[in-house]
Structure formats: C-alpha cells, structure tokens
2 protein chains.
Amino acid sequence: MESLIATEALGALAQITRLEVFRLLVRHEPNGLAAGEIARQLDVPANTMSTHLATLSRAGLLTSERHSRSIVYHANVATLRELMLFLARDCCGGNEELCAPLVAQLSC
Amino acid sequence: MESLIATEALGALAQITRLEVFRLLVRHEPNGLAAGEIARQLDVPANTMSTHLATLSRAGLLTSERHSRSIVYHANVATLRELMLFLARDCCGGNEELCAPLVAQLSC
DNA sequence: TCCATGATTCGACTACTATCGAACTATTGG
DNA sequence: CCAATAGTTCGATAGTAGTCGAATCATGGA
C-alpha cells in the first residue's frame, strides 16, 4: 500500500458513523449485512448511509453483492490488514524494537 | 482507545502532508526535527505546516519541546500503537484467526 | 403489468478543512 | 534595547464533506 491509497482508507475510517459501520460489519462476518439493516442498526437515514457505504467501498474497505432486493455488504479485512502493515512499516522503519510491544499485544 | 479518539487520530493521518510529516518524524527518532526543518523538507510554507503540526499534536501523534529558538517535534509512536491495537481489535473481534497473517507479517 | 420494497442518486444547504499572505509572539546574539 | 530568526495566530478564500428530503432505479411478487 502506498501513501495516497492509505490516506483514502484512513479518511474513510476517520468518521464516526463509517468507523462504526466497519466495526459492525467485521462482527457480522462472514454473513455480511444488508444496507438497510446497517442503517437501521446505527439509526442513520438510508440515503445518508448509502453515501457512507460508497465511501468505504471506494477505499476498498467494503465489498458488496446484490442478494435479491437487498445489497449485502462485507468488511474487507484484507484492506484493513494492508493499512495496518503500512502504518507498522512507519513505526518499525525508524526503530525496529518499537514494534515488539505491538506484536506482543496483537496476539489478541 | 475509544472510537471518538480513534477517529481524531485517523483524521489527523488522513491527509497526505500530515501522513508524510508523521513518517518523516518516525524516521528521525529519537532526535526529532524542528518545525522549520520539517516544512523545508516537505516543501510546505511554515504557517501551513504549523497548522498541520497542531492537528497532529491535538490527536496525540506528536510531542514537542522548545529548544532555544526552535521547536522540536517528535513522533509519538505510542499513540500509533494504540490506534493499531484499536483497529486490530476490530479485525480480531469477529474472526480471531483473521489476525494471524497480520501478526506474522508484523515481525518486520 | 402494477405495486411494494430496498437501495442509490440528485440537489440544496451547512459546516468544516486546507491554504497562504500578513501580522504577531518568543528567543537570542550583538 | 534592537535586529534577526523561528514559529504561531489571524483572516480571508476556495474547496470539500456530511446531511437529508425528494426523486429515481432495480427487483420480485400478485
């Protein structure tokens, strides 16, 4: 991942509603969640939610598939992983040992 | 770290100049870099850079200390680490095993 | 085909963000 | 104290982002 792409992903997550959408969708993997259901659960109008979903999709953080009348969205965890690797490279790039505590804590 | 704090850090990094500032400062740890030198290296006017530095500082991503006439800025890697842990929790929260490849690659 | 449902797009409005010239503040050497 | 240097703050401007009512598009059942 490269700086300009990274800023798009960071920008997509830098908004409280969109961040909550992504977290919600991660929790609902691997089934995904329909657009309307996302809007309902986060109490946001459908059209507003639609623009947020488009922003997240453009950043590569969501995928979607039509399922009859619904459009089901999925969190694309691979992009989050790439973003984190990009950030981690910043962190480790200067000081290798600074990352050790991170890796340790990441063992969930 | 909590959602609202995370969005502030994400927003601070979601701008190409500020992202480059942070990366530059990580590379210059532990000495840090003076505001003017940062502006010069990234070819940005001093006042514009000053507002970006303020944004990053407000998000807890930078620290600073006056050193005679200069103000020296440092990357606060601890905040980046917290941010990454916040994002990782999203990732692992739903699917524990999704994080394994991340941790593996993070061994720099 | 017609209607109901689920979702997106349009249009308008408000609010925020980035930028930069100019003015201001702080520190130090002469 | 004065001038020079290093940074920040102010003010104006242009562009971008978030919100939501209304209109539109797509799908499937009667």
Side-chain angles (χ1 to χ4, degrees), chain A residues 3-25 28 31-76, chain B residues 3-25 28 31-76:
Chain A
S3 289
L4 218 72
I5 307 288
T7 55
E8 200 173 358
L10 288 164
L13 294 174
Q15 206 274 350
I16 193 70
T17 303
R18 288 195 298 262
L19 183 59
E20 295 305 331
V21 166
F22 187 79
R23 306 182 76 188
L24 180 66
L25 286 175
H28 279 81
N31 301 315
L33 222 56
E37 188 56 30
I38 299 171
R40 219 164 297 124
Q41 290 206 22
L42 298 184
D43 197 28
V44 170
N47 57 352
T48 301
M49 182 53 77
S50 188
T51 67
H52 285 316
L53 292 171
T55 300
L56 286 162
S57 298
R58 237 181 294 117
L61 286 160
L62 300 188
T63 61
S64 61
E65 52 188 359
R66 183 174 277 279
H67 215 264
S68 161
R69 266 183 277 216
S70 299
I71 293 181
V72 174
Y73 282 86
H74 291 267
N76 187 356
Chain B
S3 288
L4 219 73
I5 307 287
T7 57
E8 200 173 359
L10 288 164
L13 293 174
Q15 206 274 348
I16 192 72
T17 303
R18 287 196 297 262
L19 183 59
E20 294 307 329
V21 166
F22 187 79
R23 305 182 78 187
L24 180 67
L25 286 174
H28 280 82
N31 301 315
L33 222 57
E37 188 56 29
I38 299 171
R40 217 166 297 123
Q41 291 206 22
L42 298 184
D43 196 29
V44 170
N47 58 353
T48 300
M49 183 53 77
S50 189
T51 67
H52 284 316
L53 292 171
T55 301
L56 285 163
S57 299
R58 236 180 296 117
L61 286 160
L62 300 188
T63 60
S64 61
E65 52 189 358
R66 184 174 277 279
H67 214 264
S68 164
R69 265 183 279 214
S70 300
I71 293 180
V72 175
Y73 282 86
H74 291 268
N76 187 358

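Throughout, protein chains are lettered first and strands after them, A, B, ... in sequence-line order, and every chain is numbered starting at 1. Given the structure is predicted, the values throughout are model-derived calculations rather than measurements. What's counted below: heavy atoms across the whole structure, side chains too, no hydrogens, waters or symmetry copies.
Considering every non-hydrogen atom in both Leu19(B) and Ala6(A), the closest pair reads CD2-CB, 4.4 Å. Taking both residues in full, the closest heavy atoms of Ser64(A) and Ile71(A) are given as CB-CG2, 3.9 Å, listed atom of the first, atom of the second, then distance. Here the shortest heavy-atom pairing between Ala9(B) and Ala59(B) reads CA-CB, 4.0 Å. Heavy-atom minimum distance, Ser3(A) versus Ile16(B): CB-CD1, 3.7 Å. Nearest heavy-atom pair across Thr7(B) and Leu4(B) is OG1-O, 2.7 Å. For the pair Phe22(A) and Leu62(A), the tightest heavy-atom approach, listed with the atom from each and the gap, is CD1-CD2, 4.1 Å.
Of the residues in residues 59-74 of chain A, those lying under 4.0 Å from DNA chain C by heavy-atom distance are Arg69(A), Ser70(A), Ile71(A), Tyr73(A). Near DNA chain D, meaning a heavy atom under 4.0 Å away, there are no residues from residues 6-16 of chain B. Less than 4.0 Å separates DNA chain C from at least one heavy atom of each of the following residues of residues 43-58 of chain B: Pro45(B), Asn47(B), Thr48(B), Thr51(B), His52(B).
Under the side-chain hydrogen bond (donor to acceptor under 3.5 Å, both in side chains) criterion, the residue pairs touching residues 35-51 of chain B are Glu37(B)-Arg40(B), Glu37(B)-Gln41(B), with sequence neighbours excluded. Sorted by first then second residue, the side-chain hydrogen bond (donor to acceptor under 3.5 Å, both in side chains) pairs that include residues 9-18 of chain A, not counting sequence neighbours, are Arg18(A)-His52(A).
Across all strands shown, Arg18(A) has heavy atoms under 4.0 Å from sugar-phosphate atoms exclusively, and none from any base. Among the heavy atoms of the strands, none lies under 4.0 Å from Ala39(A).
Atom OG1 of Thr63(B) is separated from atom CG of Leu25(B) by 9.0 Å, given to the nearest 0.5 angstrom. With rounding to the nearest 0.5 Å, the separation of OG1 in Thr55(A) from CG in Leu61(A) is 10.5 Å.
With sequence neighbours excluded, no residue forms a side chain to side chain donor-acceptor pair (under 3.5 Å) with Glu8(B). In this structure, the side chain to side chain donor-acceptor pair (under 3.5 Å) partners of His74(A), at least two apart in sequence or on a different chain, are Glu29(A), Glu65(A). The side chain to side chain contact (heavy atoms under 4.5 Å, CB included) test applied to Ile5(A) returns Met1(A), Glu2(A), not counting sequence neighbours. Applying the side chain to side chain donor-acceptor pair (under 3.5 Å) criterion to Ser57(A), with sequence neighbours excluded, gives no partner residue.
Note on the helix from dT1(C)-dA30(D) to dG30(C)-dC1(D): terminal axis deviation equals 10°, with five pairs used at each end and the result rounded to 10°.
Between His28(A) and the choices Leu33(A), Val72(A), Ile38(A), the side-chain contact (heavy atoms from CB on, under 4.5 Å) rule is met once, by Leu33(A).
Put simply, chain B comes within 4.0 Å of DNA chain C, heavy atom to any atom, from dA18(C) to dT28(C), going 5' to 3'. Taking a heavy-atom distance under 4.0 Å as the criterion, the stretch of DNA chain D touched by chain B extends 5' to 3' from dA4(D) to dT9(D).
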